[in-house]
Amino acid sequence: MTRIDLPKVYDPRAVEGKWYQYWEEHKYFRSVADPNRAPFCIVMPPPNVTGQLHMGHALDNTLQDVLTRWRRMQGYNALWLPGTDHAGIATQAKVEEQLAKEGADRYALGREKFLERTWAWKEQYGGRITTQLRRLGASCDWDRERFTMDEGCSAAVREVFIRLYERGLIYRDYYITNWCPRCGTTISDIEVEHLDKPGHLYHLKYPVKDNPGEYIVVATTRPETMLGDTAVAVAPGDGRYTRLVGKVLLLPLVGRELPVIVDEYVDPAFGTGAVKMTPAHDPNDFEVGRRHNLPRVQVIGKDALMTAEAGPRYAGLDRWECRKRIVKDLEAGGCLLKIEDHGHALGHCYRCNSVIEPMLSKQWFVKMKPLAGPAIQAARDGRVQFVPERFTKIYLNWMENIRDWCISRQLWWGHRIPVWYCEDCGESFVSRTPVDSCGRCGGKVYQDPDVLDTWFSSALWPFSTLGWPEKTIDLACYYPTSVLVTGRDIIFFWVARMIFSGLAFMDEVPFRQVFIHGLVLDALGRKMSKSLGNGVDPIDVIESHGADSLRFMLVTGNTPGNDLRFHFERLDGARNFANKIWNASRFALMNLQDYDPGETPGPDHLTLADRWILSRYQTAVTDTTRFLENYELGEAARVLYEFIWNELCDWYIELVKPRLYGKTGPEDRRVAQEILARVLKGSLELLHPFMPFITEEIWQRLPRRGLTIMRAPWPEDDESARDAAAEAKMSLIMEVTRGVRQIRGEMNVPPGKVATVLLVAPEEETRAVLEEGLSYLQNLSFGEATVHAGLREKPGQAAVAVARGVEVYVPLKGLIDIDKETARLAKELAAAEKDLSRVLKKLGSSDFLDKAPPAVVEKEQAKQAELSAKQTSLKERLAVLGAGTS
RNA sequence: GGGGGCAUAGCUCAGCGGGAGAGCGCUUGACUCACAUUCAAGAGGCCGGUGGUUCGAAACCACCUGUCCCCACCA
């Protein structure tokens, strides 16, 4: 063995940066459109430019990188296309925050200057997340990095808006939308989070105008909105109120006259069966109001303060303050009948958590029904497949009940709506290019001040990034993309919208498969959040444990679609695995220094151990590949972990040591070197998608390497390399070895001190296997061993282990604890008898014999034989021990 | 109100029709010349409950219980 200059503990910091730079400089991430090569393409869910890498990104991008690196090695023309999202609200908020510190605000600065400022902010901080993705090892084609507001994506946005408009799928209308008072914009329905909050149901008396003694009781959760009431509605045919329909009520505190109307919307069973109508502040009331031509009185403003219309006593009050005062005033006026506790879901802004105010305003909408149809069909007929499949149902359920999408936002940072209005004649123009003057009257025009929902541009991501609306070779080669990898929290926001957009503008789904993963939770199962302060920064983890460990930890134990808890213990486990690989490789390299790769040794030159590890390696190749194909990345990683640690390191490397040390001759040493090098190289290649850095570092030191492990061919799945006979033999030897070790442990024999072991194998076949494996047994557990046929030695003087009919005797000097040994054997016997009776019952059943497959029956019969042999043997030994005490 | 996930060893989870598994933790022993971020041996489980399908169920089906999540305009 030659000394080799490698540290005993693997240090990721010393290698990760180096290799990433190497890969990037040599353009190994690059993909060039090539009609003659099979493509594999993933578009990265663009993280917000404002963002820092969090564990969710780390998981999402690790999964994408594993798939991309694997397919690239398989020979696909693999493109992973990165980019960032302009994130309207989030980015604007950051810049406004900055301005606030300077004592300014965006209005003071003006739109143009504010946008300049935001672009500058983007230039300065927008690259942070992509730098962090590089630390993670992401093998994306950075030359193609895109931004949702770059020239190309913006052109795509304008084109889509105009085409939708031309198809009559975009309209502008007054509607009640979700207004976030803090963000100062409307948000779409799915951006509202409904949280159950305790509240009250206030019962209010509204007197009849002509008969002040008579009144209707209405129930409301939001008494302050009564200032905007313009009617009271009752259900059709509700006997309690028929007398009053068409009469006029007087609104308390305000004195407004309210007609009593009839509408289907009212549920006579809820509350009092009479509902106050506030068309300007409730979406349902708005609809009812539209049907009955009710006036809309807006009493709450966009700043969430009461408006002048609320009357002088309330104008300018905060909405919650106003509620208190109204309740007090109503009570004083004798109009408050009672207050009940009543929990209800309250809408909150998903960005800033403010309570949403339903607000009447004129907004742009996309008509969804016509777009949803094809998107539903595509999922139904499997052109888009969700992994796991259950998400198809969730997606369909949403799509089938979809409502129109409010796409205008009262922000400045984003894609401005490409519509101009004439100041003079009011005509509007939808245009791909800026409009200077009114096409009808030549008057002055101005552009719509609103911008589009951020998700409007994300929805086009799979084709806008490939060059659409131009007809590019990229689009032809890479679209539809292969798979989309994303968290289940944005199926509605993003995945669904990409699907209908792709179908509408490319006539083809944007991706064939959607691989959904869950959330990364903290150790207690809570969502990682800033407010809880329980988030773990991936960059910190990369610093302390290395990117490979983080990646491996995130991939293992994660099943598709399910959440993943973040445990530092598991991270340590991944790091230990990296260290294990490092040291196994260190050992191999020490013994491969003088290795001269000659001819591949023929089967005759291979030992049992060689044939065994080659066979096990083939199984690992098959299993890893199969699991990856099914998106079971966690299982694939587990296969590699177990193969490398439990088989390659724990057994093969131990078995091969004497041969590498030259104890069996130079030719045998060369064969051992060859097999060890081959299996190690293949294992690193299999592991590379999961742990790219350490595998490259070691692979580069191996003989017969290429330029980079990234471009090494994925190990071939060669069924013929399986060797069932070798596996069966080795497993027998391993079991016997375990038996011997157990005895040694119980006897407290110091390592290297046990003299002689007798292996007694009654069957000739078994004996032959043990003879073949004798050298392994010797160097694995004890000094000397011989295999004996025939009758058992007298076991009264020996501790005994049984493995598949082989008994192992270790001569000892009366050290055995008879009580302990008796108890142990008795327990084992009880278990064996229980198993045996179960098997016998099975074999005694004619149903089983008739209907079970023959292989299963044979297996059960073999088991019966094994168990009865074991039973006999255990009984004998117990008898011997019993004799020993007397 | 509708939909979905999860319930397996002390903890976190994998397995999902024919032998109850892993990691961590725990017990015992070993600093053995790749690795103490290690090695060896071991303890620990009526696979949530009840029914059903099957020759056979931890696994498939139904219901129940507990738990988490998503959707929804009941004032």
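Below, read A as the first sequence line, B as the second, and so on, with proteins coming before strands; counting in each chain starts at 1. The model shown is predicted, which means the values in this text are computed figures rather than measured ones.
Taking the charged nitrogens against the carboxylate oxygens, A:E287 and A:R290 do have a contact shorter than 4.0 Å, which makes a salt bridge. Salt-bridge check for A:E389 with A:K393: failed, with every basic side-chain N at 4.0 Å or more from each acidic carboxylate O.
In this structure, A:F386 atom CZ and B:rG4 atom C1' are separated by 14 Å, rounded to whole Å. Summarising the geometry, the separation between CG on A:N558 and P on B:rC6 is reported as 13 Å, rounded to the nearest angstrom. Rounded to an integer number of Å, the gap from CG of A:N630 to P of B:rA14 is 17 Å. One can place CZ of A:R586 at 12 Å from C1' of B:rU38, the figure rounded to the nearest angstrom.
For the OP1/OP2 pair of B:rG4 and a distance below 4.0 Å, the side-chain nitrogens and oxygens of A:K393 include at least one atom meeting the criterion. Phosphate contact (OP1/OP2 of B:rC39, side-chain N/O of A:W651, threshold under 4.0 Å): absent.
A gap of 29 Å separates the C1' atoms of B:rG4 and B:rA75, to the nearest Å. Across the C1' atoms, B:rA58 and B:rG48 are found 12 Å apart, a figure rounded to whole Å. Nucleotides B:rC33 and B:rU38 place their C1' atoms 14 Å apart, quoted to the nearest Å. For the P atom pair drawn from B:rG44 and B:rC6, the interatomic distance equals 30 Å after rounding to whole Å.
Looking at heavy atoms from C-beta onward, A:R296 lies out of side-chain contact with A:T230 at the 4.5 angstrom threshold.
With B:rC74, B:rG18, B:rA34 as the candidates, the nucleotide lying closest to the side chain of A:P853 is B:rG18. Counting only heavy atoms from C-beta on, A:N579 has its side chain closest to B:rU37 among B:rU37, B:rA34, B:rA75. For A:F587, taking side-chain heavy atoms from C-beta onward, the closest of the listed nucleotides B:rA75, B:rA34, B:rG18 is B:rA34. Across B:rU37, B:rC55, B:rC13, the shortest atom-to-atom separation from the side chain of A:R565 is found for B:rC13. Distances from the side chain of A:D650 to the nucleotides B:rA75, B:rC39, B:rG18 place B:rC39 closest.
Annotation: salt bridge (Lys or Arg N to Asp or Glu O under 4.0 Å) contacts of A:K580 (sequence neighbours excluded): none.
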Report all interatomic pairs (protein N or O, nucleotide N or O of nucleotides 68-73 of chain B) with separations under 3.5 Å.
| from | atom 1 | to | atom 2 | distance (Å) |
| --- | --- | --- | --- | --- |
| B:rC73 | OP1 | A:R403 | NH1 | 2.9 |
| B:rC73 | O2' | A:N284 | ND2 | 3.2 |
| B:rC73 | N1 | A:N284 | OD1 | 3.3 |
| B:rC73 | O2 | A:N284 | OD1 | 2.4 |
| B:rC73 | O2 | A:N284 | ND2 | 2.8 |
| B:rC73 | N3 | A:N284 | OD1 | 3.2 |

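At a cut-off of 3.5 angstrom, counting only N and O atoms as typed in the model, there is a donor on one side and an acceptor on the other between the side-chain of A:K580 and the base of B:rC35. Between the side chain of A:E654 and the base of B:rA34, at least one donor-acceptor pair of N or O atoms lies under 3.5 Å.
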Side-chain donor-acceptor contacts of residues 637-660 of chain A below 3.5 Å, not counting sequence neighbours, with atom names and distances?
| from | atom 1 | to | atom 2 | distance (Å) |
| --- | --- | --- | --- | --- |
| A:R638 | NE | A:E635 | OE1 | 3.4 |
| A:R638 | NE | A:E635 | OE2 | 3.3 |
| A:R638 | NH1 | A:E642 | OE1 | 3.2 |
| A:R638 | NH1 | A:E642 | OE2 | 3.4 |
| A:R638 | NH2 | A:E635 | OE1 | 2.9 |
| A:E647 | OE1 | A:R616 | NE | 3.3 |
| A:E647 | OE2 | A:R616 | NE | 2.8 |
| A:E647 | OE2 | A:R616 | NH2 | 3.3 |
| A:Y652 | OH | A:D610 | OD1 | 2.6 |
| A:E654 | OE1 | A:K657 | NZ | 3.3 |
| A:E654 | OE2 | A:K657 | NZ | 3.4 |
| A:R659 | NE | A:D668 | OD1 | 3.3 |
| A:R659 | NE | A:D668 | OD2 | 3.1 |
| A:R659 | NH1 | A:T607 | OG1 | 3.2 |
| A:R659 | NH1 | A:D610 | OD1 | 2.9 |
| A:R659 | NH1 | A:D610 | OD2 | 3.4 |
| A:R659 | NH2 | A:D610 | OD2 | 2.7 |
| A:R659 | NH2 | A:D668 | OD1 | 3.3 |

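Note: A:Y395 and A:F386 have tilted aromatic rings, judged against thresholds of 30 and 60 degrees for the angle between ring planes.
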